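In what follows, chains are A, B, ... by sequence order, proteins preceding strands, each numbered from 1. Since the structure is predicted, the reported quantities are computational estimates derived from the model, not experimental observations.
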Protein chains: 2
Amino acid sequence: MNYPLQSATSNHTPAPVFALNSALRSCSGCSMHQICLPTGLNECDTQRLDKIIGRRKVPRDSFLYRIGDPFTSLYAVRVGHFKSYQQNIAGDRQITGFPMTGELLGMDAINTERYQCDAVALEDSEVCEIPFELLENLFAQMPTLLHHFHRALSQEITNEQRIIMLLGNMRAEQRFASFLINLSMSYATRGYSATRFQLRMTREDIGNHLGLTIESISRMIAKMRRDGLIQVRQRDVEILNLSALGKLASGSEILVSTPVYYPKQ
Amino acid sequence: MNYPLQSATSNHTPAPVFALNSALRSCSGCSMHQICLPTGLNECDTQRLDKIIGRRKVPRDSFLYRIGDPFTSLYAVRVGHFKSYQQNIAGDRQITGFPMTGELLGMDAINTERYQCDAVALEDSEVCEIPFELLENLFAQMPTLLHHFHRALSQEITNEQRIIMLLGNMRAEQRFASFLINLSMSYATRGYSATRFQLRMTREDIGNHLGLTIESISRMIAKMRRDGLIQVRQRDVEILNLSALGKLASGSEILVSTPVYYPKQ
DNA sequence: CGCGAGGTTGATTAAAGTCAATGCATGTGG
DNA sequence: CCACATGCATTGACTTTAATCAACCTCGCG
């Protein structure tokens with residue numbers, strides 16, 4: 001299902017492939033170099049960082065870590081998608097995000113030294129494991145790394161503020177539009193299409209994340225499809241009118257479905 | 001502005017009054033020493049930190065900083081209460097928190113180097129201004145400070161995750177109960193009563209923060225008062241049944257008002 | 001003493017939730 | 001290869017929750 005950067009695909013020329021592999025498995029060779037932790041580091045510093053990092057596969061539906069596990073490492077997503085959720089005593093869950101390639105997981109555990117969330121792979125995935133103590137040791141000698149780490153933490157804060165805004169202020173339609181726009185931008189940043197992508201999560205996950213039910217998500221999809229904003233087939237999404245969707249998300253335009261044009265079948 | 005010498009306290013003539021003042025204005029003498037940034041630092045390091053910190057008064061209803069202002073400093077609340085909110089293009093606001101004594105503001109600005117929120121004083125307040133560049137310079141030599149800074153950032157992340165949980169999963173009554181419990185714990189941590197305190201914000205601010213209207217807040221207060229959980233007079237709150245309120249907040253007990261016992265006056 | 005901001009209360013409405021039936025793709029075993 | 005089970009998704013009917021609208025109260029203050 002998932003090809004960890006061409007590696008498995010070229011079995012018939014062993015030696016060069018191995019070289020390619022090791023390059024690809026290092027920070028220097030990673031396509032997320034410009035998004036991930038090594039951003040801004042020179043080659044030498046990148047290699048020093050690289051030395052403390054381990055790689056780990058996380059099969060679909062398995063946990064990267066669980067709430068309450070002792071904190072040892074941060075993780076950067078190399079390949080794949082995750083969901084990260086909290087849970088209360090009653091067992092209710094709230095998905096706080098869907099981390100994807102280049103994103104850092106586990107920052108919420110630094111304070112208490114226990115992970116505060118469950119992190120589950122939505123598909124067969126791969127992460128870079130960054131032992132936090134070793135990372136801290138590097139900070140004293142690598143101010144650029146430290147500064148970028150602070151930016152990553154800060155960005156996590158603003159990401160969550162965005163979700164708070166969404167949950168506190170927006171109606172269902174806006175929420176779902178924001179969600180799509182946000183995915184669109186994330187994929188664009190990573191060099192993928194901004195208008196065509198696959199949802200890696202179920203409708204239920206989306207609903208949970210947006211504070212809505214699965215039925216509401218279904219209805220929002222139906223409505224936006226009727227209005228010609230998106231085209232959806234299963235988990236394949238195509239955004240047909242990105243700017244209209246963006247306006248919807250930002251709340252500057254309330255879209256009213258005109259059922260006249262779309263009589264019930 | 002800055003009085004780093006604690007040794008001045010060893011005087012026992014008229015000077016002591018002044019010395020006491022200056023001690024109070026320094027990190028060493030600050031009552032928030034155990035909660036704020038200097039946590040865990042020895043006297044010498046505390047003084048080094050102290051040297052880069054300035055103090056600033058923020059009158060009620062005035063801005064500490066505004067969305068879009070260039071980021072230069074973090075702020076620690078010394079005295080008073082603030083509200084911190086985001087705003088979208090349409091002008092809708094979402095209060096993300098009510099920082100109080102010992103809390104750090106402005107961490108969301110590190111990434112973009114622009115503040116992402118407005119921060120407004122809810123009463124006449126005072127902050128410690130921590131120029132971020134100077135703080136970064138200290139990190140290389142003060143790993144304890146750095147580690148504690150990371151904990152502060154991490155805690156900010158978990159605080160916000162708690163709000164996301166609240167907004168995404170809880171009904172009005174739970175939200176308001178959580179809000180009260182959270183205030184209660186914050187005050188307890190700071191050595192104040194866990195069951196009697198003053199709300200520093202309007203009902204409208206509370207409603208906005210909790211994703212509810214002012215009317216809903218009013219009704220929740222009325223209901224909890226009827227149920228004997230709290231006593232409220234204007235902004236004075238007394239929690240009469242902390243454990244029941246806690247259960248409500250955690251969702252493990254759905255409280256049903258029995259209007260039979262409380263006929264309309 | 002009257003004004004105004006902030007707060008409460010009641011009646012009604014709108015939005016999203018719940019419940020229930022149905023559809024559709026995938027995978028498995030006969 | 002079909003039949004059927006399963007998990008996920010859609011759609012419709014109805015209910016619940018909190019929002020909206022509107023009236024009124026209360027307290028502090030000029």
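The two residues B/Leu245 and B/Ala177 come nearest to each other via the heavy atoms O-CB, 3.8 Å.
Side chains of B/Ser178 and B/Gln174: a donor-acceptor N/O pair is absent below 3.5 angstrom, by distance only. A donor-acceptor contact closer than 3.5 angstrom links the side chains of B/Tyr85 and B/Asp118. For the residue pair B/Thr189 and B/Ser186, no side-chain donor N or O sits within less than 3.5 Å of a side-chain acceptor on the partner.
Near DNA chain C, meaning a heavy atom under 4.0 Å away, there are no residues from residues 160-169 of chain B.
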List, with names and distances, any nitrogen or oxygen atoms from the protein found under 3.5 Å away from nitrogen or oxygen atoms belonging to nucleotides 20-30 of chain D.
from: D/dT20; atom 1: O4; to: B/Arg219; atom 2: NH2; distance (Å): 2.8
from: D/dC21; atom 1: N4; to: B/Glu215; atom 2: OE2; distance (Å): 3.0

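The distance from atom CD1 of A/Ile214 to atom C1' of C/dG23 is 13 Å, rounded to the nearest whole Å. In this structure, B/Met224 places its CE atom 13 Å from P of C/dT8, rounding to the nearest Å. The nearest whole Å value for the distance from the CZ atom in A/Phe176 to the P atom in C/dA15 is 19 Å. Rounded to a whole Å, the NZ atom of B/Lys223 is 16 Å from the C1' atom of C/dT9. The distance from atom CG of A/Leu199 to atom P of D/dG7 is 21 Å, rounded to the nearest whole Å. To the nearest angstrom, C1' of D/dC8 lies 8 Å from CZ of A/Arg235. D/dC8 atom P lies 13 Å from atom CD1 of A/Ile206, rounded to whole Å. In this structure, B/Met170 places its CE atom 17 Å from C1' of D/dA18, rounding to the nearest Å.
Heavy atoms of B/Gly207 sit nowhere under 4.0 angstrom from any nucleic acid atom. Using a 4.0 Å heavy-atom cutoff across all strands shown, B/Leu212 reaches sugar-phosphate atoms only and no base atom. Among the atoms of the strands shown, none is found under 4.0 Å from any heavy atom of A/Arg175. Using a 4.0 Å heavy-atom cutoff across all strands shown, B/Ser218 reaches at least one base atom of the nucleic acid.
Among residue pairs with one or both ends in residues 201-215 of chain B, those qualifying as salt bridge (charged side-chain N to carboxylate O under 4.0 Å, His left out) are B/Lys83-B/Asp205; sequence neighbours excluded.
Aromatic rings of B/His209 and B/Phe98 (six-membered ring for Trp) have centroids within the 6.0 Å cut-off, being under it.
Just one of B/Met220, B/Arg219, B/Lys223, B/Met170 meets the side-chain contact (heavy atoms from CB on, under 4.5 Å) condition when paired with B/Phe176; it is B/Met220.
Annotation for A/Arg196: atom CZ does not count as buried by contact number, only 12 or fewer foreign heavy atoms lying within 6.0 Å.
Using a 30° and 60° split on the angle between ring planes, B/Tyr65 and B/Tyr115 fall in the parallel class, below 30°.
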